[in-house]
Each structure stands twice: as C-alpha cells, then as structure tokens.
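Every chain is numbered from 1 and lettered A, B, ... according to where its sequence line falls, protein lines coming before strand lines.
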Number of protein chains: 2
Amino acid sequence: MSRETSLSAWVERFAAHFAEEGIPLIGGRILGYLLVCDPTERTAAELSQELEASSGSISTNLKFLVNAGLVTKRTRRGRQAAQYRVDEKRWADLVQRKLDALVSVRTLTESGMRLMSGDPQRAHRLRTVDQLYTWLADELPPLWERRPNPPK
Amino acid sequence: MSRETSLSAWVERFAAHFAEEGIPLIGGRILGYLLVCDPTERTAAELSQELEASSGSISTNLKFLVNAGLVTKRTRRGRQAAQYRVDEKRWADLVQRKLDALVSVRTLTESGMRLMSGDPQRAHRLRTVDQLYTWLADELPPLWERRPNPPK
DNA sequence: CCTTTTGTTCGGTCAACACTGAAAGAACAG
DNA sequence: CTGTTCTTTCAGTGTTGACCGAACAAAAGG
C-alpha cells in the first residue's frame, strides 16, 4: 500500500475523531489533509477533487476553519485560485478553548453555591462538584502557561 | 424572588451549558435539579412533574445518567417508586473522560508521524501538533492524580 | 387472577444540521 | 465592457436526534 493511500486512510480517521467532537466531517478531512499534504498549500478546487466533496461544502468549511484561525487563506493576483494552508501554530488555541470550556463550569457551580449560602447541609452535593472545578480552575491555567513553545 | 425560583433558573442555565457539550437538555435539567433539590432524592414521577418533561424523556435520560454513574437508583419494596439521587463523587469521572478525550488525540498524531517517517520536511506541520499533544499527555495525567479528594 | 402503581419501549413529530449542485457574485485580463 | 475564472450563497434533500405520549410490561397487594 502506497504512502498516499495510508495517509488518506489516516485523514479519514482524523476526521472521524473530530466529527465526534462536533466538527463537520468535511471540515475534519480538510484539516487532516492540509496537515500532511505535499506541497503544503491547496486551492479550494483541489480540495474538492481530492476529498470528493462539493465546492459548496469546501467553501463553507474553509470559511469556518479560516475563521477559527486554523487555516490561512493566501490570495494571488490574476485569475488564480486562492491557496489554503494549515496554520499549525494556532492549534494551541483550539486546545485552550477546550480547557477554558472545562474550567468555565466553575462560574456555574460558584453561583449555585451563592444561592445556597445559609444552608450548608443542602449545599453539600454542589460543594463537592464546586471543589473539583475550583481545583481545575486553579491548576489548569498555570499549567497551560508553563507549556513549551508558547505563542510567538 | 424566592430561593426555589432562583434555583430553577440556575438549573436551566446549568442544563444549557451541558447541552452545548452534547448532553440532552432534559438530562442536564435532571442533573442540575438533583444537585440542589431538598430532600436529595426524587422519584421519576416527581422529576417529570417538576421539570415538566414527559415520563418517556425522564426514563430515557435517567437511564443514561445512571449508566454514566452520575445518578444512583434506589429501589424500594412494594409499589413504591424508585428514588434517584445524584452521586456527586462520580463527577470526577466525567471530567476525567473529557481530559482523556483530549489526550487521546496523541495516538492519532503519533501514528501520522510514523507514516511520515523518512520525510522530516513534510512532517513539520504534524510534528508541531504532535508535540503539543505529547506535552498534554505527559502533563495532564500526573496532574490529575495529584488532585485532592481522589476516589475513595 | 385482577387491579393498581410504576417503568420502559416505541412510533411519530419536529427542528437542526451537513451536504449538494446550481445560480449568483467578485475579481481580474484583455 | 466582455469573457473567464474562481468563490460564495442559497434552496432543496436526507439524516440525525430530542422529545412526547400512548401502549405495553413488570411488580406487588388484595
């Protein structure tokens, strides 16, 4: 089996994983493909052909990915198609959003605890959950800041 | 505004947050409600009435929550309805599943890197992403183990 | 058994969303 | 301005999944 065939199978697994997290299948395919294709840039038409997806889907998903910062659009003069490439440096933003979403539950548990002040007995269940998220909110952001290769 | 009214508004915000993460609205309502209701246990019929949801939806979502370990079912003899209560200790499992899902991307980037061995130039984009997930896979599990109130 | 109470299953409805393909719109060369 | 090339928009289609409520099943007392 050729390398390209293996890689297209990998792209499919890659897209399937992110599909479970709510990213459209075609968006995931674009992302995976742009991570491993050679050369690194592709036009919308090329993506449409190589991923066997309609031009409309490619357009919609590229817009989404460019908007999320994960893909960069490079326009060229003349009647030349724009080139798209993955901006792998921005991947950290994606992960950070995930961590933030997790930590943000704490604002909920916190306000719930405030509503129950004066009744510690009743607040016991929520307190247990609140303490977990408080710990996460204390630990995750500093850990994230200590990561190597921070944003240039 | 009474405490109960404020709390039902809180339950609604709580459910809305988890709805964004893919948990059915009614499931989120049950969870939030069971975290703050007094007394701590409720029958399916009571949940149906207080959350204004059909018995079918309550049944389906309770099954899901019990299966996830977040809610415990307590049956009683006679024609008495079973009682449900939140098992707040199991909340950590939920968080752990989230962290695991994040870390698990590394197996993908890793296998992708293997497919590209022999072409470091081309692997550059994937390597950047792989290094991020490798770092996460190295840091998150140990941090999680160090958390206070580990499973009894 | 038969009845009452509780719980689950299941068909049907509705809304949301991914995807397509064609039509409309931009951008540019000539 | 006109034709060409590339891109976006949009209406239509199919699928998925949450939800409801009624029918069904299970459990226990009488």
Side-chain angles (χ1 to χ4, degrees), chain A residues 11-34 39 41-68 70-86, chain B residues 8 11-34 41-68 70-86:
Chain A
V11 168
E12 204 56 28
R13 277 191 290 143
F14 187 88
H17 180 275
F18 287 97
E20 285 179 9
E21 305 193 2
I23 288 167
L25 200 50
I26 295 186
R29 286 195 185 114
I30 294 174
L31 217 40
Y33 185 74
L34 287 180
E41 290 185 319
R42 285 292 186 278
T43 66
E46 286 165 346
L47 291 170
S48 174
Q49 191 179 349
E50 311 196 18
L51 300 178
E52 295 176 87
S54 72
S55 62
S57 287
I58 296 294
S59 175
T60 301
N61 281 280
L62 275 177
K63 189 173 194 174
F64 170 75
L65 293 172
V66 168
N67 193 48
L70 289 173
V71 168
T72 304
K73 175 181 189 172
R74 185 166 67 93
T75 55
R76 299 178 294 175
R77 298 201 18 209
R79 341 169 178 175
Q80 303 234 21
Q83 304 254 64
Y84 297 89
R85 65 164 165 265
V86 73
Chain B
S8 74
V11 168
E12 202 56 29
R13 278 191 290 142
F14 187 89
H17 177 95
F18 287 98
E20 284 179 8
E21 304 192 2
I23 288 167
L25 199 49
I26 294 187
R29 287 197 185 114
I30 294 175
L31 262 189
Y33 185 74
L34 288 180
E41 291 185 318
R42 286 292 187 277
T43 66
E46 285 166 347
L47 289 170
S48 175
Q49 190 179 350
E50 313 201 27
L51 299 178
E52 295 177 86
S54 72
S55 61
S57 289
I58 296 293
S59 176
T60 301
N61 281 280
L62 275 178
K63 192 171 191 174
F64 170 75
L65 294 172
V66 168
N67 194 48
L70 289 173
V71 168
T72 303
K73 177 181 188 171
R74 185 166 67 92
T75 55
R76 299 179 295 175
R77 298 203 18 211
R79 342 174 170 160
Q80 303 237 18
Q83 303 256 69
Y84 296 90
R85 65 164 164 263
V86 73

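- When the side-chain contact (heavy atoms from CB on, under 4.5 Å) test is applied to A/S57, the partners found at least two apart in sequence or on another chain are A/I26, A/S54, A/N61.
- B/L70 is not listed as a side-chain neighbour of B/L34, based on a closest heavy-atom distance of 4.5 Å or more.
- Between B/K73 and C/dT6 there is no side-chain N or O to OP1 or OP2 distance below 4.0 Å.
- Nearest to the side-chain atoms of B/P24 among the listed nucleotides D/dA18, D/dT7, D/dT8 stands D/dA18.
- As rounded to whole Å, 14 Å separates atom P of D/dA18 from atom CZ of B/R29.
- Remark: P of C/dC19 and CD1 of A/I23 are 12 Å apart, rounded to the nearest angstrom.
- Residues that satisfy the side chain to side chain donor-acceptor pair (under 3.5 Å) test with B/E12, not counting sequence neighbours, are B/R29.
- Counting heavy atoms from C-beta on, the side chains of B/T75 and B/K73 come closer than 4.5 Å.
- Listed by chain and residue number, A/F14 satisfy the ring pair (Phe, Tyr, Trp, His ring centres under 6.0 Å) test with A/F18 (two or more places apart in sequence, or in another chain).
- Proximity of A/K63 to the phosphate of D/dT9: a side-chain N or O atom is located under 4.0 Å from OP1 or OP2.
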Between the protein and nucleotides 20-24 of chain D, list the N/O to N/O atom pairs that are separated by less than 3.5 angstrom.
{"from": "D/dC20", "atom 1": "OP2", "to": "B/S54", "atom 2": "N", "distance (Å)": "3.2"}
{"from": "D/dC20", "atom 1": "OP2", "to": "B/S54", "atom 2": "OG", "distance (Å)": "3.3"}
{"from": "D/dC20", "atom 1": "OP2", "to": "B/S57", "atom 2": "OG", "distance (Å)": "2.9"}

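- Atom CD of B/E46 is separated from atom P of C/dT5 by 16 Å (rounded to the nearest Å).
- Panel note: side chain A/T43, backbone A/A82; no donor-acceptor pair is recorded below 3.5 Å.
- Atom CG of A/N61 is separated from atom C1' of D/dT8 by 13 Å (rounded to the nearest Å).
- Between A/L51 atom CG and C/dT20 atom P there is a gap of 11 Å when expressed in whole angstrom units.
- With values rounded to the nearest 0.5 angstrom, A/I30 atom CD1 is found 6.5 Å from A/L51 atom CG.
- Residue A/E20 contributes atom CD, which lies 15 Å from atom C1' of D/dT16 at whole-angstrom precision.
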Pairs: protein N or O with nucleotides 24-27 of chain C N or O, under 3.5 Å:
none

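- Distance, A/L62 CG to C/dC19 C1': 15 Å, rounded to whole Å.
- Each of B/E20, B/E21, B/R13 was evaluated against B/H17; a single residue qualifies, B/E21, per the side-chain hydrogen bond (donor to acceptor under 3.5 Å, both in side chains) test.
- Per the geometry, CZ belonging to A/F64 stands 9 Å off P belonging to C/dA18, to the nearest Å.
- For B/E41, the salt bridge (charged side-chain N to carboxylate O under 4.0 Å, His left out) partners at least two apart in sequence or on another chain are B/R74, B/R85.
- You'll find that the side chain of B/L25 is closest to D/dC19, out of D/dC19, C/dG7, D/dT8.
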